[in-house]
Amino acid sequence: MNTVTITIKKQPDLFLEADCFTPDALAGKKADEIAELPVFIGKTVEKIGDYFTVSGETGPTADETRLVFNGDFTKVKYIGAKMSTGEVVLNGDADMYVGSWMSGGKITVNGSVGHFAATAMSGGELNITGNAGNYLGAAYRGDWRGMSKGKITVAGNVGSDCATFMTGGEIEIGGNVDVHVMTHADGGKVIIHGNAKSRLGGQATRGEIYLFGTVDVMMPGYVKAGETELTIGGTKAVFTIYDGDQGERHPTRKGLPIYAKLYLKK
Amino acid sequence: MTSILIKNGFVIDPVQGIRGDKMDIAINDGKIVKNLSNPDKTIDASGMVVMAGGVDIHSHVAGAKVNVGRTFRPEDKLQSTYAPYHGIRHMAGGTSVPTVFKTAYMYADMGYTTVIEAAMPPLYARHTHEEMRDTPIIDEAALPMFGNNWFVLDYLKRGEMDNAAAYIAWLLRSTKGYGIKCVNPGGTEAWAWGLNCLSIDDPVPYFDITPRQIVSGLMEVNEYLHLPHSLHLHSNNLGNPGNYTTTLDTLKLSEGIKPNNNFGREQVLHHTHIQFHSYGGTTWADFESKGKEVMDYINSHPAVTCDIGFVTLDETTTMTGDGPFEYHLNKLNHLKWANTDVELECGSGIVPYVYSKDVYVCGVQWSIGLEMALLAKDHMRCYLTTDHPNAGPFWRYPRIMKWLMSEKARNDVLATMKNEDKVRDRSTLGSIDRELTLYEIAQMTRAGPAKALGLGSSVGGLVPGMQADIAVYPYNPETESDPEKIEWAFSHAKYLIKSGEVILNDGEVVSNGNKKTYWVDVKTTPNRQVERDIDQTFVKYYTVNKNNYEVNEHEFMKNPCVVQIDAIQ
Amino acid sequence: MSKRLTDIICPFCGTLCDDIEVEVSDDGKQILEVYNSCAIGSEKFLHAQSPDRITRPRMKQEDGSWKETTYEEAAKYTAKILCDAKKPLMYGWSSTSCEAQSTGHMIAEQVGGVLDNTATVCHGSTLIAMQDVGIPSCTLGEVKNRADRIIFWGCNPAHAHPRHMSRYSIYSRGYFTGKGSKSRKIIVVDPRPTDSASLADEYIQVEQGRDYELLSALRAALRGAQLPDKVSGVTKEKIYEIVDILKGGRFVVIFFGMGVTHSLGKNHNIDMAIALTADLNNYTKASIIAMRGHYNVTGSGQVLGWQFGFPFCVDLSRGFARYNPGETSSNDLLMRGEVDGCLVVGSDPGSHFPIASVKKIHDIPTVCIDPHTTPTTAVSTCHVPVAIVGIEVGGSCYRMDNVPIESRKVVDPPAGMLTDAEFLGLVLKEVNHIKGVAE
Ligand SMILES: [Zn+2]
């Protein structure tokens with residue numbers, strides 16, 4: 001695996017869109033070629049080299065390419081967006097769309113990310129040591145196909161609308177989460193080690209939420225269905241199981257309805 | 001205006017019976033002319049096919065429900081590249097429901113120059129016209145819906161043909177409409193109470209009339225008014241297993257009615273997206289094709305025309321004036337559902353839909369469309385449509401041409417289906433080896449629909465005197481054998497001329513054209529009763545004033561082209 | 001002698017009443033009296049006549065004072081700031097005609113603007129909900145002719161849409177509803193007992209910010225599921241009772257407003273209300289309609305829809321259209337500092353936006369096209385007064401139920417004033433000139 005290091009040297013006046021900050025787009029290119037590639041600020045087209053220093057060498061394929069980003073990327077969008085393979089390491093905070101539409105590979109953020117990270121993710125790994133904004137692992141507007149595969153880990157807190165329309169994959173949150181988790185989900189799993197605000201699993205037809213902390217207000221459509229001892233995220237605990245959302249249409253298996261499940265630590 | 005000579009192309013024109021002869025086509029002052037000396041521009045079409053501009057008889061491209069389809073599906077914009085703004089070309093996006101700009105550019109790329117918006121809710125007519133005005137290049141017209149209109153139901157129930165005719169003439173004038181569209185007669189009014197009419201004898205709640213009476217009455221009125229187009233019908237029971245009997249019952253209503261017009265139209269009934277109406281079986285489990293039964297009837301009844309509504313096996317957005325159908329479709333796929341019921345007039349519904357080749361029902365639907373087109377005996381009466389975007393987006397027409405023209409291409413698709421055997425078992429498609437010719441394709445896509453619309457004297461052909469709408473395709477019928485080339489060439493017209501103006505030059509858009517909009521103005525005998533009925537109904541039941549109902553031609557239409565008819569008895 | 005003009009359209013709210021009558025002076029220059037309209041509508045017509053009205057564009061000077069200029073100079077200035085900006089915000093569009101909107105969009109296409117309308121602070125959440133679950137709806141005439149169960153959820157038509165109740169909903173008499181309000185049951189859901197609530201057969205006092213849970217409970221009850229004893233402050237007995245009232249109707253309609261679009265969860269509340277409406281169709285007929293505010297905010301969404309495919313928050317900066325509220329929405333763009341120039345047309349963000357956004361508008365070059373002096377003109381660098389759409393110039397508008405209505409001209413604007421469509425036409429010309437594009 002070859003490593004290219006991209007360090008921010010100048011903050012953009014507005015926000016910078018770097019669609020090409022993925023192993024897929026940069027593989028096989030030399031540092032000086034990368035510096036010539038376009039980035040966008042509003043309607044203006046500028047060069048990577050105007051804002052970043054690029055060093056090191058990419059692998060011949062994306063698979064063999066690791067991108068390391070150093071510095072404050074809070075005015076840079078789309079890091080790792082649409083990546084399918086390879087590795088991205090970000091030492092610093094980033095703005096929106098980190099790992100959005102990613103289908104494979106691995107992103108490690110030693111810092112926090114903005115909204116819309118991992119939009120409609122369909123594979124790979126996204127690890128965040130800090131916090132994530134709203135719409136983590138959610139579907140794009142209007143799409144019924146949200147996050148379908150892959151794994152997201154956030155050590156800190158997560159904003160609202162996490163895992164909307166999720167159909168598969170897993171999100172593990174170390175801290176607290178804001179309102180609306182797994183709204184409209186039809187599969188997948190979200191583990192919350194901290195506390196949740198209201199609206200867990202609203203309108204969900206399938207999928208699982210594990211909550212270690214507390215929730216302000218429960219959805220009225222979740223009914224108690226027993227309890228169980230489980231080991232989740234390495235922690236063993238007894239959980240109360242709830243079936244829901246009873247207000248929603250549910251598919252059936254062998255004549256019995258399948259529900260989304262909410263596991264609340266006792 | 002420039003004069004243009006298109007030299008040496010393989011000309012195909014069913015209107016004149018020309019079957020690929022190497023000929024020149026001359027254009028002057030917007031019209032096709034016999035010959036031309038010193039043309040301003042010469043196009044070398046050698047090795048290429050030359051046809052009249054395509055005519056789409058049924059497509060949903062403008063108006064309220066189309067725009068709901070656009071705005072409630074942002075994700076549809078991600079399914080294809082959003083083409084950037086470039087020179088005179090507007091930015092153009094959307095996949096199953098393209099923006100007005102993309103609609104125009106994609107029709108132009110396919111060599112199409114005339115498109116009929118197939119369902120205009122009268123109360124929303126101004127919206128339809130605003131969108132058509134903003135759609136560059138292509139000539140358009142819109143068909144207002146009448147099959148659930150309270151005036152029409154009342155007059156037809158009482159057998160008052162004069163009154164029905166006077167009202168329809170008034171509504172065509174008010175909405176700047178082109179002809180009589182009827183969607184799920186009576187069923188959409190029933191849907192306003194959550195009900196439906198599934199056979200032609202199901203009574204319409206509170207109106208004491210049946211779909212049978214509505215369809216017969218509208219056909220009669222259509223001929224009474226001498227309209228250029230016939231009744232344009234989407235009959236009851238669309239999309240349900242076993243519906244072919246309803247379809248045959250409906251088609252039979254045309255027997256005994258004679259066409260009466262000065263536009264060269266020979267049919268009294270155009271049945272649209274007939275594929276959706278030719279289903280056998282009793283449930284989705286024993287669902288099968290009855291395409292042969294329905295096409296046999298059409299083949300032997302020259303006063304009936306149809307378009308197919310081919311399923312293209314894509315993700316798309318269904319939208320129709322058949323409100324209850326969309327509700328039931330949503331019960332099957334559980335994706336989002338929009339519905340709009342329109343006071344006193346009609347309704348509509350919209351649901352995204354994924355036609356997957358691995359779902360056997362979709363495979364059978366795909367087969368039925370192709371089967372019917374291949375069993376048709378007269379392609380001047382059987383047209384190529386996808387009921388855009390219902391069975392698939394219109395920009396798939398070239399792929400359908402490929403399937404119609406190549407048995408191998410059809411077998412290639414069947415071979416990739418998960419349920420190939422079951423799909424083959426449920427229709428006769430696999431046993432049909434017919435391959436349509438370019439001549440038959442030209443009948444299905446320009447000469448035929450133009451004639452059925454009553455526009456046959458000006459578009460759909462290459463006769464001197466006709467409007468110069470001409471497409472040149474990079475396809476050599478003498479040397480080409482790869483079916484893929486058909487799809488490619490008919491999606492990439494090399495040249496397109498519309499009303500004598502070059503729109504595509506070497507495949508590039510060079511002009512947004514000078515689109516026009518057709519509408520029909522019929523003079524009828526003054527009718528005090530109908531005038532009074534209209535006044536009173538607006539006061540009592542509508543939520544807009546009558547004086548704010550009419551679409552202002554000057555404000556809302558680009559190059560209005562009025563078809564004047566005198567139907568005073 | 002004065003004359004009375006009929007069938008006039010009121011350019012105030014989304015109810016878009018089209019039965020206004022206006023008495024004008026013989027010379028057609030003065031509005032004398034307004035009939036049929038609500039008090040706010042009348043005021044809008046009569047205010048047009050205010051003698052201290054600004055009638056020429058003006059530029060703000062270094063010292064903060066205004067200096068009069070010509071429309072041509074103002075158009076040049078507007079074109080320049082839009083062309084110079086890397087990402088100009090072009091906001092408003094809700095109190096102007098579709099023709100003006102369309103001209104503005106053609107400018108935006110060339111200057112890479114972000115087009116957003118007042119839905120962004122109003123019913124944008126409704127549009128997002130529609131994108132998630134659709135919307136079973138109908139025109140207002142269907143309500144008038146058929147509805148026997150009407151819910152007002154988080155809206156107060158008695159104040160915000162004064163003639164809604166008499167023209168379309170509670171009191172209107174239609175084909176199947178000849179007895180007017182006697183043929184209907186009215187339910188009002190609101191945390192506060194509003195004036196509209198006092199007209200209701202049933203008033204449900206929902207806990208502030210808990211609409212989502214209550215709507216969810218109604219859906220669960222509709223499916224016969226068990227409920228907790230109380231949801232959102234409402235007893236389960238009441239919830240079952242409401243469900244029975246709704247199921248017992250022949251035609252249910254839900255009207256909703258800012259009370260749900262902007263409380264906790266925003267679009268999710270509407271999403272759930274739409275889902276409830278869809279569910280009710282398994283038992284009876286049901287529709288849902290947003291109580292849109294500005295008279296042509298609906299039209300702006302329509303024109304953006306057919307031209308670019310999205311109803312608001314449309315970012316054209318990269319030469320193609322993108323959409324994602326939360327990123328491409330005006331307040332997010334302003335507060336995050338994503339835009340560096342601003343054009344405001346037919347709206348007043350100075351009154352409706354958070355202070356942080358207004359500060360940003362103040363800090364970047366901003367042109368405000370508005371017939372009147374507003375809090376927005378005060379923070380702009382250039383104010384372009386124009387004729388009032390619906391009073392001094394006609395044009396296409398869309399009612400809250402998407403019905404298009406052509407508004408009418410009633411009187412002439414003050415001499416020499418342009419309409420906003422005309423002024424935007426001048427700007428487009430200047431932009432073409434700067435960009436070297438042939439017209
Ligand atoms: Zn259709």
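Proteins come first, then strands; the chains are lettered A, B, ... in the order of their sequence lines, and each starts at number 1.
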Return one line per donor-acceptor pair between chain A and chain B under 3.5 Å, naming both atoms and the distance rounded to 0.1 Å.
from     : atom 1 : to       : atom 2 : distance (Å)
A/Gly142 : O      : B/Lys336 : NZ     : 2.6
A/Arg145 : NH1    : B/Glu315 : OE1    : 2.8
A/Arg145 : NH2    : B/Glu315 : OE1    : 3.3
A/Arg145 : NH2    : B/Glu315 : OE2    : 3.1
A/Arg249 : NE     : B/His334 : ND1    : 3.2
A/Arg249 : NH1    : B/His334 : NE2    : 3.4

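Other residues, nucleotides and ligands contribute more than 12 heavy atoms inside 6.0 Å of the NZ atom of A/Lys261.
With sequence neighbours left out, the side chain to side chain donor-acceptor pair (under 3.5 Å) criterion links A/Asp178 to no other residue. Under the side chain to side chain donor-acceptor pair (under 3.5 Å) criterion, A/Lys197 pairs with no residue, sequence neighbours left out. With sequence neighbours excluded, the residues forming a side chain to side chain donor-acceptor pair (under 3.5 Å) with A/Tyr210 are A/Glu208, listed by chain and number.
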